[in-house]
Amino acid sequence: MSRTVHIIGGGLAGLSAAVDLAGRGVATVVHEATDQAGGRCRSYDDAQSGMRIDNGTHILLSGNTAALGFLARIGAMKLVKGALQARFPFSDLALNRRWTLDLGTGRLPLWMFDRRRRAPDTLARDYLALARLMWPAPDQALSGMMSCKGPAYEQVMRPLLLAALNTEPSEASSDLVRAVVNGSIAQGGGACRPHLMPLGLSTAFVEPAMAYLKNRGGVLHFGHQLRRCAVAADRVIGLDFGSCIVPVGPQDAVVLAVPPYAARSIIPQLQAPDEFRAIVNAHFRIVPPAGVEPMLGILNGTAEWIFFFEDRISATISGADRFMQHTKDELARMIWQDVRRVADVPAELPPWQVVRERRATFAATPSQNARRPGVRTAWRNLALAGDWTATGLPATIESAVRSGARAATFLMHS
Ligand SMILES: Cc1cc2nc3c(=O)[nH]c(=O)nc-3n(C[C@H](O)[C@H](O)[C@H](O)COP(=O)(O)OP(=O)(O)OC[C@H]3O[C@@H](n4cnc5c(N)ncnc54)[C@H](O)[C@@H]3O)c2cc1C
């Protein structure tokens with residue numbers, strides 16, 4: 001009898017599981033609650049700004065091998081723009097100065113020893129604090145393992161780690177910080193080249209993945225929100241979508257690839273992260289002035305990163321819970337002030353949109369990290385996936401894609 005795997009959730013974890021399984025010749029059915037796939041990594045037409053926008057500008061690094069492998073597999077690498085060098089220009093709005101962190105291409109961290117390639121007012125030894133992290137130690141807040149003060153921390157480590165963890169780094173899990181450092185800076189500049197998706201997230205990640213699945217006979221159902229699993233002994237035997245119940249045959253299996261709060265409503269006894277951090281993104285419809293860098297780190301501003309695309313300027317604020325009380329209008333104006341400080345743009349706001357994702361990622365703290373479940377559940381044909389499962393990484397595309405592939409491998413061997 002042929003086998004069907006039902007994938008619940010059409011975010012990147014679900015799509016990664018489906019693509020992996022479809023590539024092995026397994027029949028896949030993706031059930032997505034909303035009317036589009038992509039989850040927290042999606043694009044949509046926005047009437048206010050008159051643009052197709054992403055819920056948030058996403059960045060990958062060249063060291064994100066699973067995410068880039070996924071894009072290669074679905075034929076989407078041409079939709080990704082990878083920088084040739086691991087260079088991160090910064091503008092410090094308080095001190096009115098610009099400088100560039102240039103990690104080079106080699107494995108050795110020679111940049112630390114060259115003052116033109118590291119942050120101002122820092123010495124090579126300031127960065128060696130990161131080496132202390134490499135010693136095994138129980139998971140704890142980063143501030144328990146190294147000093148979270150000083151120019152090297154404030155200008156380099158904090159901005160890079162905040163972007164990767166979406167959590168104030170001093171309170172973040174040292175295990176997750178170690179994983180980020182191990183997958184990037186510790187491997188040298190070659191692993192740190194930033195990659196952007198200038199044509200949008202859905203164009204790069206979602207549409208090619210859906211085409212890959214359809215070409216292999218995969219089925220996608222939208223507006224299918226799983227309410228409950230029917231179980232018998234150690235197996236799931238049915239999926240209750242409210243309007244219909246889909247039987248799960250003896251050979252069949254299920255990947256639950258929904259966010260943690262949705263997973264807990266389906267499996268109430270599941271332990272999962274329950275604290276989240278917000279991300280704010282602003283998009284401005286304007287052609288940027290010539291000569292700007294594609295991506296600029298901002299210190300001492302409202303925005304943390306400003307991205308200059310061909311047809312728009314976007315800005316990101318991570319760990320943005322403190323801004324949730326501001327109106328979108330206030331945020332657009334505050335962020336536009338930052339853009340004006342770093343680029344030659346008019347004072348008047350261009351058409352804009354601000355996207356506030358309140359539960360953008362789980363809080364990457366030690367206590368939340370300890371609540372992440374593995375792939376296995378009490379039911380042998382039900383596997384878990386999602387950026388919040390125990391991948392050892394913070395909630396990122398890399399984590400989501402790896403979790404999906406892991407769920408697929410688990411089910412192939414169960
Ligand atoms: C604003 C923002 C910026 C980000 N920036 C970056 C970045 O720069 N780099 C990076 O690597 N990562 C970034 N991330 C994180 C990245 O987007 C996520 O890690 C990744 O998209 C999570 O994928 P997922 O499949 O695990 O979860 P989700 O994307 O949440 O997918 C879950 C899917 O399940 C569906 N669903 C929920 N309940 C049900 C149900 N009961 N039945 C059926 N379907 C259901 C949802 O609708 C959703 O489509 C960012 C996230 C946000 C929000």
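Atoms within each ligand, like the ligands themselves, are counted from 1 in listed order. Note that the structure is predicted; figures quoted are calculated from it, not measured.
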Nearest candidate to atom 17 (O) of ligand 1, where distance is taken over non-hydrogen atoms, out of Arg356, Glu32, Arg359, His58: His58

Under-4.0 Å heavy-atom contact with ligand 1, by part of Ala163 that carries it: neither

Atom indices of ligand 1 within 4.0 angstrom of Pro259 heavy atoms, with elements: 30 (O), 32 (C), 34 (O), 37 (C)

Ligand-residue contact atoms, ligand 1 with Gly9, heavy atoms, under 4.0 Å: 33 (C), 34 (O), 35 (C), 44 (N)

Contact with ligand 1 for Ala395, non-hydrogen, under 4.0 angstrom: yes

Parallel, tilted or perpendicular: ring planes of His31 versus His224, cut at 30 and 60 degrees: parallel

Geometric N/O contact Ile279 with ligand 1, under 3.5 angstrom: no

Residue and atom name of the nearest protein heavy atom (relative to atom 31 (O) of ligand 1), distance in Å to one decimal: Gly11 CA, 3.4 Å

Where ligand 1 meets Ile8 - atom numbers and elements under 4.0 angstrom, heavy-atom basis: 42 (N), 43 (C)

Asn55 N/O under 3.5 Å from ligand 1 N/O: no

Cationic N near anionic O, under 4.0 Å, Glu357 to Arg42: yes

Heavy-atom nearest neighbour of atom 24 (P) of ligand 1 within options Arg358, Gln225, Arg40, Glu398: Arg40

Interfacing atoms of ligand 1 (cut-off 4.0 Å, heavy-atom, Asn281): 1 (C)

Part of Ile59 within contact of ligand 1 (heavy atoms, under 4.0 Å): both

Those atoms of ligand 1 less than 4.0 Å from some heavy atom in His224: 42 (N), 43 (C)

N or O contact, Ala33 vs ligand 1, cut-off under 3.5 Å: yes

Ligand-side contact atoms (ligand 1) for residue partner Thr34, heavy atom cut-off under 4.0 Å: 47 (O)

Location of contacts on Ala13 toward ligand 1, heavy atoms closer than 4.0 Å: both

Proximal atoms of ligand 1 relative to Gly386 (non-hydrogen, under 4.0 Å): 26 (O)

Geometric class of the Phe276/Tyr261 ring pair [parallel <30°, tilted 30-60°, perpendicular >60°]: perpendicular

Gln36 touching ligand 1 at heavy-atom level, < 4.0 angstrom: no

Ligand-residue contact atoms, ligand 1 with His31, heavy atoms, under 4.0 Å: 43 (C), 44 (N)

